[in-house]
Amino acid sequence: MSEKIAPVRVRFAPSPTGHLHLGSARTALYNFLFARQQGGQFILRIEDTDRKRFVPGAEEEFYQWLTWLGIDWDEGPDKGGPFGPYRQSERKQIYLDHASELIERGHAYYCFCSPERLEQVRQAQQKRKETPLYDGRCRDLPLEEAKARVAAGERHVVRFRTPHEGTTTATDLLRGDITVENRLLDDIILVKSDGLAVYHLAASVDDHLMQVSHVIRGSEWLPTFPIHAMIHRAFGWQEPIYVHLSVFLKPSGKGKMSKRESADLIKEGHSIFIKDLESLGYVPEAIINWIALMGWSYDDHTEFFTKEDLIEKFSLERLNPSPAAINFTKFDYFNGLHIRNLDFEDLANRIRPFFSKAGYIVDDDEKLVKIACILRERLQGLDDAPLMAGFFFQEEINYEPGKLLIEGLSAAETAAQARKISALLGGLKDMRHDSAEPPMRVLVEESGLKAGQVFGMMRIAITGQRVSPPLFESMEIIGKDVVVRRMEKAVELLESMSD
RNA sequence: GCCCCCAUCGUCUAGCGGCCCAGGACGCGGCCCUCUCAAGGCCGAAACAGGGGUUCGAGUCCCCUUGGGGGCACCA
């Protein structure tokens with residue numbers, strides 16, 4: 001009675017030819033979220049059948065940054081699993097066997113045409129404004145003859161025998177049925193002359209063998225996915241459910257990001273490469289939230305999502321098929337949002353390396369947590385921390401003495417104020433912000449000046465900055481001795497100015 | 001050139017025939033709060049690409065145009 005529901009098995013299948021970027025990270029994320037939500041498995045498969053484009057180390061980099069993003073997998077080259085190996089270069093024979101099966105079934109054939117001849121054919125067709133397709137010279141070679149030539153060691157490839165008439169319809173979950181005319185489909189190469197399978201064969205075979213239930217991947221596969229469906233059908237296999245994601249466009253929305261533009265981005269503190277994002281001050285929580293929302297939505301008002309929220313709320317049905325322009329401004333906003341969602345100890349640990357990198361010695365954990373407390377709501381990126389709070393770690397602060405001057409007051413008058421403040425602060429039993437602020441307010445009141453004027457001068461004297469975290473909280477962290485010493489220094493500076 | 005896909009504020013999007021003189025978010029402008037900067041709160045400007053249909057009724061369905069994207073390799 002009850003239909004057996006196949007378990008959800010999805011995969012992220014990058015080729016080790018470059019860095020993990022926003023687009024591929026999102027594909028990985030969606031697959032991961034869906035698997036976790038459905039209680040299924042998430043497979044990591046390395047598609048390294050192109051030896052020419054192989055980049056050493058790229059695979060390990062994928063592991064590193066996927067893990068940093070909080071995306072983990074159940075099966076993969078590094079983890080193993082019941083359907084391995086998970087690196088396509090190690091599955092060569094599997095593809096060869098399947099290609100042979102297709103040949104025996106009449107769905108594929110050996111082709112002995114040289115790349116040079118193919119190029120000539122293609123050029124001739126283009127000159128005639130025809131769709132460039134294989135001209136079928138080897139398509140109807142008697143199988144026995146072809147086999148004999150292969151046995152004799154003749155260089156060859158294996159091609160798929162695409163029907164010339166009719167149409168093929170395959171279904172994309174987001175777009176519905178997509179029908180293509182078979183006469184416009186090429187007899188694609190399944191196995192290259194180096195004996196390695198091409199993507200279309202390898203991915204189809206692996207998706208079936210690894211029992212992948214949903215193929216969630218980029219839309220660059222949309223034009224060829226009917227061929228993938230045909231390959232499954234040729235074997236007599238059931239096709240997985242296909243979900244083709246939209247592409248990311250550059251911020252202007254006009255076209256996708258070029259290599260040059262990607263490189264230029266980093267100058268503005270942005271990047272499409274995940275590897276750059278950590279040192280740029282982004283937290284993985286924000287990255288995940290942001291990219292999840294480029295092409296998926298939950299309802300008409302919820303936008304803040306943790307990983308757990310996403311696992312719970314994600315759904316394939318709410319995926320959006322239209323291309324999305326990358327909006328880094330919103331990314332910055334999400335970064336701030338997620339930084340504010342961190343607890344103080346966590347934040348302290350995350351800003352520590354940024355202080356270190358700026359040359360500050362961070363040896364007091366308690367102090368760092370206090371700094372995290374007052375920094376949290378004003379950080380847009382973790383990298384802002386040393387810029388905003390470096391003065392906490394400096395023995396001596398330097399600033400332009402003139403900045404101490406209270407507007408409308410002379411140097412002597414400002415010095416008098418500073419002296420009073422210094423004396424008041426020096427007489428305090430401690431520098432707790434709630435015990436230092438009230439008497440300071442009284443002093444400001446008596447001076448007839450505005451709080452902003454007096455505190456502005458103190459801010460320069462104590463932090464060396466015009467803009468800083470809240471003054472009294474900062475003073476508490478700095479400590480009475482240093483605060484008083486810095487005030488006294490300010491008095492000296494002001495007095496020397498009034499000479 | 002051919003094929004496929006997409007089309008709501010500048011951007012990300014909600015909207016699956018009447019709830020929409022179109023809602024949210026980022027950004028932008030203003031105000032409030034305020035020791036600076038933020039954060040937060042409130043208010044505001046800002047969109048259904050165009051044209052035909054279908055229907056009592058269209059942002060929502062169909063067609064065309066336009067625009068954008070992707071693909072057309074012994075790359076993935």
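All chains are named by letter (A, B, ...) in the order of the sequence lines, taking the proteins before the strands, and each is independently numbered beginning at 1.
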| query | For atom C1', what is the distance between B:C63 and B:A7, given to the nearest Å? | reply | 16 Å

| request: List the steps, then state whether salt bridge (charged side-chain N to carboxylate O under 4.0 Å, His left out) holds for A:R117 with A:D135. | output: CA-CA 10 Å; A:R117 192 186 91 78; A:D135 65 354; 2.7 Å; yes

| Expressed in whole Å, how much space separates the C1' atoms belonging to B:U60 and B:U54? | 13 Å

| said: Strictly under 4.0 angstrom, non-hydrogen atoms only: write out the protein contact profile of nucleotides 64-76 of chain B, one letter per nucleotide from the 5' end, B, S or -. | reply: ----SSBSSSBBB

| query | With respect to the side chain of A:L184, which nucleotide from B:U13, B:C3, B:G1 is positioned closest? | reply | B:C3

| request: Could you give the distance separating B:G23 and B:C48 at their C1' atoms, to the nearest angstrom? | output: 13 Å

| field | Between B:C12 (C1') and A:D332 (CG): distance, integer Å | value | 14 Å

| Do A:F328 and A:W290 have ring centres separated by under 6.0 Å? | yes

| request: Compute whether any side-chain donor of one residue and acceptor of the other, for A:N182 and A:T168, lie under 3.5 angstrom apart. | output: yes

| With no hydrogens and no angle check, do the side chains of A:H270 and A:D332 hold a donor and an acceptor under 3.5 Å apart? | yes

| note | Contact string for nucleotides 21-26 of chain B, one letter per nucleotide 5' to 3', B = base within protein heavy-atom range under 4.0 Å, S = sugar-phosphate only, - = neither, reads --BBBS

| Is the distance between the ring centroids of A:Y199 and A:W221 less than 6.0 Å? | yes

